[in-house]
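Reading through the structure tokens given below for one structure.
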Protein chains: 2
Amino acid sequence: MDTQARFQELQAKLKAAGYRATPQRIALLKILAASTGHPSAMQIYEQLRRHFPTTTLATVYKTLTLLKEMGEVLELEFSGAENRYDGNKPHPHLHLVCVECQRIIDPEIAPLTHVSAQVAKTTGYQIVGQRFELYGICPECQTVQKKHSKGTHRKHSG
Amino acid sequence: MDTQARFQELQAKLKAAGYRATPQRIALLKILAASTGHPSAMQIYEQLRRHFPTTTLATVYKTLTLLKEMGEVLELEFSGAENRYDGNKPHPHLHLVCVECQRIIDPEIAPLTHVSAQVAKTTGYQIVGQRFELYGICPECQTVQKKHSKGTHRKHSG
DNA sequence: GTGCTTGCAAACAGTTTGCAGATAG
DNA sequence: CTATCTGCAAACTGTTTGCAAGCAC
């Protein structure tokens, strides 16, 4: 689905759910639909602020919460860092996170439905969601590391 | 590996890494080795406090950080809630989280090594870690729901 | 003794909330 | 019109940090 179509879908669903289409919300929907890198609330806020200098992070969070509850945004939670938001593929799927530059991409793999089915059967749990992430160093960051040839930051030298 | 063996392993590694074996640390290692429910820092602290009434959360966090860096504790991050710690199987593995009582168990499944291998090949990322969680409702909480026919929250003691 | 470790308090980051004024429908 | 929404500030939670006193080695 392309950016424009996703934007219009989001806009229609917002309206259908009975929410008001404020200019700030419309702009946020456009940003979300156009995003590819799974932006944080702060990143969305900074884009939004270009058009609405008076807007605040709180409003961004409120709108994201709304979209989460509508099931149109997937929130990726990180305790040590900002949460990240995916408004294009709101259903859970594999994410690949670069531990250097924090970029998050969606690698194409066959769905892993058999895992949750098997676990449901063996444990008796009723499965309601999932989260699958791989962490790695993206090709770009690998190049940077080689160029500078600075060993990765080692936190503790026993 | 049983609790006692894991405790002794942790203790030996702590010493081998050059850290001091304070009574608080020894007690924390015992709690970690004996834990099955993936406790939070607060839960560890409350157990620890029974034997060391003057200890603080900060010390618990410091020790957990140390063990993380040694690779002997796995930290499961949750942005909206407390992080959870696994000192028995510190390598990444599938976790099954009950969304009602927050219990976390380790279901037995075949490892998914082929996924990371395939993603590494198709994306060029150098994979350094992973996280795979399933969320569901455990059999106990399903029963509670049926009885009360309302989504009651019941804390589960791990 | 030396210097790592503890315990305390205060800082910190990201997120959420309460409320008065603004505004979409 | 009026109920929802915005923007501001302050609260909140879990985690981290700085430092003086304590203790393992």
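Model, not experiment: these values are computed from the prediction. All values below come from the heavy atoms of this structure, side chains included, with hydrogens, waters and symmetry mates left out.
Of the two residues near DNA chain C, R20(B) and T55(B), the one whose nearest nucleotide lies more 5' is R20(B). Residue-to-nucleotide proximity on DNA chain D shows that, of K68(B) and T22(B), the 5′-proximal contact is made by K68(B).
For the pair Q24(B) CD and dG22(D) C1', the computed distance is 10 Å after rounding to whole Å. Here the P atom of nucleotide dA13(C) and the CG atom of N83(B) are 17 Å apart, to the nearest Å. If you take NE2 of H51(A) and C1' of dG7(D), they are 19 Å apart, rounded to a whole angstrom. In this entry the distance linking CZ of R49(B) with P of dC8(C) reads 11 Å, nearest Å. One interatomic measurement links the two molecules: CZ of F52(A) to C1' of dA24(C), which rounds to 14 Å at whole-angstrom precision. Going from atom OH of Y19(B) over to atom C1' of dT2(C) covers 18 Å, rounded to whole Å. Rounding to whole angstrom units, CG of residue L14(A) and P of dC5(D) are separated by 8 Å.
Interface remark: the K15(A) side chain does not form any donor-acceptor pair with the dG25(C) base, using a distance-only criterion of under 3.5 Å.
A cation-pi contact, defined as under 6.0 Å to the ring centre and within 45° of the axis, links R131(A) to F78(A).
In this structure, the nucleotide among dA24(D), dT16(D), dT6(D) sitting nearest to the side chain of P23(B) is dA24(D).
An OP1 or OP2 oxygen of dC8(C) is reached within less than 4.0 angstrom by no side-chain nitrogen or oxygen of T56(B). Between T54(A) and the phosphate of dG7(D), there is a side-chain N or O to OP1/OP2 separation shorter than 4.0 Å. Residue R25(B) places at least one side-chain N or O closer than 4.0 Å to OP1 or OP2 of dT6(C).
The CD atom of Q47(A) lies 13.5 Å from the CE atom of M42(A); values are rounded to the nearest 0.5 Å. Rounding to the nearest 0.5 angstrom, the gap separating the CD atom in E46(A) from the CG atom in L57(A) is 8.5 Å.
Contact check on E72(A) versus R6(A) returns a salt bridge, with a Lys/Arg side-chain nitrogen under 4.0 Å from an Asp/Glu carboxylate oxygen.
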